[in-house]
There are 2 protein chains.
Amino acid sequence: MENKNPITVVIIEDDETIRNGFTYLINATENYKVLNSYSNVEDALIGLVNDKPQVILLDIELPGIKGIEAIPKIKHILPKTYIIMLTVYDNEDNVFNALTKGASGYLTKSDNTEKIIDAIQEVVNGGAPMSMNIAKIVIKSFHKNQNSPLTKRETEILEQIANGKSRSKIAKQMFIDLETVKSHIKNIYIKLNVHSREDAIKEAKNNKYI
Amino acid sequence: MENKNPITVVIIEDDETIRNGFTYLINATENYKVLNSYSNVEDALIGLVNDKPQVILLDIELPGIKGIEAIPKIKHILPKTYIIMLTVYDNEDNVFNALTKGASGYLTKSDNTEKIIDAIQEVVNGGAPMSMNIAKIVIKSFHKNQNSPLTKRETEILEQIANGKSRSKIAKQMFIDLETVKSHIKNIYIKLNVHSREDAIKEAKNNKYI
DNA sequence: AAAAAAATCCCCCGTATTGGGTTATACCGA
DNA sequence: TCGGTATAACCCAATACGGGGGATTTTTTT
């Protein structure tokens, strides 16, 4: 029996019913063990030092320290632990905040509860489990607007500007004259109805032109 | 029988064995129909105008026009069609290029072939099917480096710089003096060992400090 | 082949920004 | 208490910036 080395899990979730439900579900699965569960981050940060789980299921909507703020704190004491976010809302900002801070997976509670087990297995295998709606949000964030008013060349130049390059550096790098770059930038500003690099970048990012 | 309105699919894939295999597999599934299959993009672009499929399975490694270059061309004539990329290699650049150009899903051929059917269903439902390894690449691209040499304040300022803001705008916005911003930038440059905004942004992005 | 769009280059102007040098103070967490 | 952090000051020369006028050539579309 491989029960000697189960995958260890800690649950941080304020709703007692859900917490106990997940605990029961996971413990009932062979090769998985819930070491501990907490109803808030404050307690968890103390207990986790001893628990040292491989995977943490972390609710986003928590009293006190929110789940997202907890991620860096957890990563600080347990850098190798995988964190899977649990939430009822698939708020876009939350998704990206959690991911940039180091969450490895993101599930909405509307998912079939058995998916939790699959997700735990998946992060341990180095994967990145996501609910269907979360995957959609993530993928959509990559999609560029196909209806940009900017031409190819203008888009190229605006991308360079967004990378912090000066007009003269852009000119050298693109093998065109500084005056040409200036012309393009003027046209970009007119098309985007802005008067500065800053606003051009903001406008372009908002509309996913770059 | 709901066979009257099957999910319509077109396959673009140069390997005849795979092409025929997928065609057979999909046609054998109730409620799915392969309208056509092509061995190259050139032919596909002509035929697609009539086919008008809901979903296209698109190989990345194709002779002539590559799969990635095909995406915008396909989107141009069929903006509403979902595109699922198929590939043997999970090359990072390819993944992000395909996604920014508008691919909705990304599967590696090492996946269980039955997953294809699930993926087709998933994009039609507005989802974003990904292989486990692809999901991992995507999620990892969001993760920030936790070992940044920059302080919180320095990181904040560098982010503003990356947004194209001038020192004076940063100062106003952060309610600190212009001289303070200058000091922070000087320190950022020293820590990152650079001498310009451009290089600071590049270095910070390379190391995922911002 | 003609018209339209995109890309290229030129000159002018005044103001603001940039990178770099040096020093200093208040605060705060280990 | 000590180093790191955030704050601020003063100096300087070089350049980058936004905006105003054009003009020409290449490419694309019709």
Side-chain angles (χ1 to χ4, degrees), chain A residues 45-46 49 65 69 72-73 76-77 145-204 209-210, chain B residues 45 49 65 69 72-73 76-77 146-204 209-210:
Chain A
L45 287 172
I46 297 166
V49 184
I65 299 179
E69 299 151 34
K73 296 179 199 295
H76 183 71
I77 56 174
N145 189 337
Q146 306 291 132
N147 296 325
S148 173
L150 303 179
T151 68
K152 210 169 190 170
R153 206 62 166 161
E154 286 162 356
T155 305
E156 266 184 87
I157 287 177
L158 189 47
E159 271 163 358
Q160 300 301 306
I161 288 179
N163 286 332
K165 287 203 173 59
S166 68
R167 308 190 284 195
S168 47
K169 283 242 176 90
I170 296 173
K172 272 173 201 158
Q173 190 174 308
M174 295 178 77
F175 302 106
I176 55 179
D177 196 277
L178 170 60
E179 289 300 328
T180 307
V181 177
K182 285 171 71 175
S183 285
H184 282 305
I185 293 177
K186 283 177 198 172
N187 290 330
I188 292 170
Y189 286 7
I190 291 170
K191 286 182 179 177
L192 300 188
N193 195 234
V194 296
H195 304 277
S196 68
R197 309 159 86 67
E198 178 195 348
D199 290 341
I201 294 170
K202 199 192 298 166
E203 187 70 9
Y209 299 151
I210 60 169
Chain B
L45 287 173
V49 184
I65 299 177
E69 300 152 33
K73 296 180 200 295
H76 183 70
I77 56 173
Q146 307 291 133
N147 296 324
S148 173
L150 304 179
T151 68
K152 208 169 190 171
R153 205 63 165 162
E154 285 162 356
T155 304
E156 267 183 87
I157 287 178
L158 188 48
E159 271 163 357
Q160 300 300 306
I161 288 179
N163 286 331
K165 286 203 172 62
S166 68
R167 301 155 158 182
S168 47
K169 282 245 176 88
I170 296 173
K172 271 173 201 157
Q173 189 172 310
M174 295 177 78
F175 302 106
I176 55 179
D177 196 277
L178 170 61
E179 290 301 327
T180 307
V181 177
K182 285 171 71 176
S183 287
H184 282 305
I185 294 177
K186 284 173 197 170
N187 289 330
I188 292 171
Y189 286 7
I190 292 169
K191 285 183 180 178
L192 300 188
N193 195 234
V194 296
H195 303 279
S196 67
R197 308 160 85 68
E198 179 195 347
D199 290 341
I201 294 171
K202 198 192 301 169
E203 186 72 9
Y209 299 151
I210 61 169

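These values consider heavy atoms only, across backbone and side chains, with no hydrogens, waters or symmetry-generated copies. Chain letters run A, B, ... following the sequence lines, proteins first, then strands; residues in each count from 1.
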Relative to the 5' end of DNA chain C, which residue comes earlier, Val181(A) or Lys191(A), by the nucleotide with the nearest heavy atom? Lys191(A)
Rounded distance in Å - CD1 (Ile190(B)) to P (dT5(D)): 13 Å
Does Thr180(B) reach a base, just sugar-phosphate, or nothing at all? Heavy atoms under 4.0 Å. base
Measure from the side chain of His184(A), starting at C-beta and using heavy atoms only, and say which of dT8(C), dG21(D), dA9(D) lies closest. dT8(C)
Ignoring backbone atoms, establish whether Tyr189(A) has a side-chain N or O less than 4.0 Å from OP1 or OP2 of dG19(D). no
Does OP1 or OP2 of dA16(D) have a side-chain N or O of Ser168(A) closer than 4.0 Å? yes
Spacing between Ile185(B) atom CD1 and dG19(C) atom P, to the nearest angstrom: 7 Å
Using whole Å, report how far NZ of Lys182(A) lies from P of dC12(C). 11 Å
Separation between CD of Glu154(A) and CD1 of Ile161(A), rounded to the nearest 0.5 Å: 10.5 Å
Grab the NE2-C1' distance between His195(B) and dA16(D) for me, whole Å please. 19 Å
Base, sugar-phosphate alone, or nothing: which one does Ser196(B) contact when heavy atoms must sit under 4.0 Å apart? sugar-phosphate
Look at the side chain of Arg197(A) and the base of dG18(D), then say whether one donor and one acceptor between them are separated by less than 3.5 Å. no
How would you label the contact of Arg167(B) with the nucleic acid (heavy atoms, under 4.0 Å): base, sugar-phosphate, or nothing? base
With a cut-off of 6.0 Å (strictly less than), are more than 12 heavy atoms of other residues, nucleotides or ligands near NZ of Lys191(B)? yes
Please determine whether a side-chain nitrogen or oxygen atom of Thr151(B) lies at a distance below 4.0 Å from atom OP1 or OP2 of dG4(D). no
Just so I know, are the side chains of Ile77(B) and Lys73(B) near enough to count as touching, which here means a heavy-atom distance under 4.5 Å? no
Pro149(B) to Leu192(B) - nearest heavy-atom pair and separation: CG-CD2, 4.3 Å
In whole angstroms, how far is the P atom of dG18(D) from the CG atom of Asn193(A)? 15 Å
Nearest whole angstrom, please: distance from the P of dG19(C) to the CD1 of Ile188(B). 11 Å
Measure distances between side-chain N and O atoms of Lys186(B) and base N and O atoms of dG21(C), and say whether any donor-acceptor pair falls under 3.5 Å. yes
Find out whether Asn187(A) and Thr151(A) are in side-chain contact, i.e. whether some heavy atom of one side chain is under 4.5 Å from a heavy atom of the other. no
Mind calculating the distance between CD (Glu198(B)) and C1' (dT17(C)) to the nearest angstrom? 16 Å
Are Ser166(B) and dT17(C) close enough that a side-chain N or O sits under 4.0 Å from OP1 or OP2? yes
Distance check needed: dT18(C) P versus Ile157(B) CD1, whole Å only. 12 Å
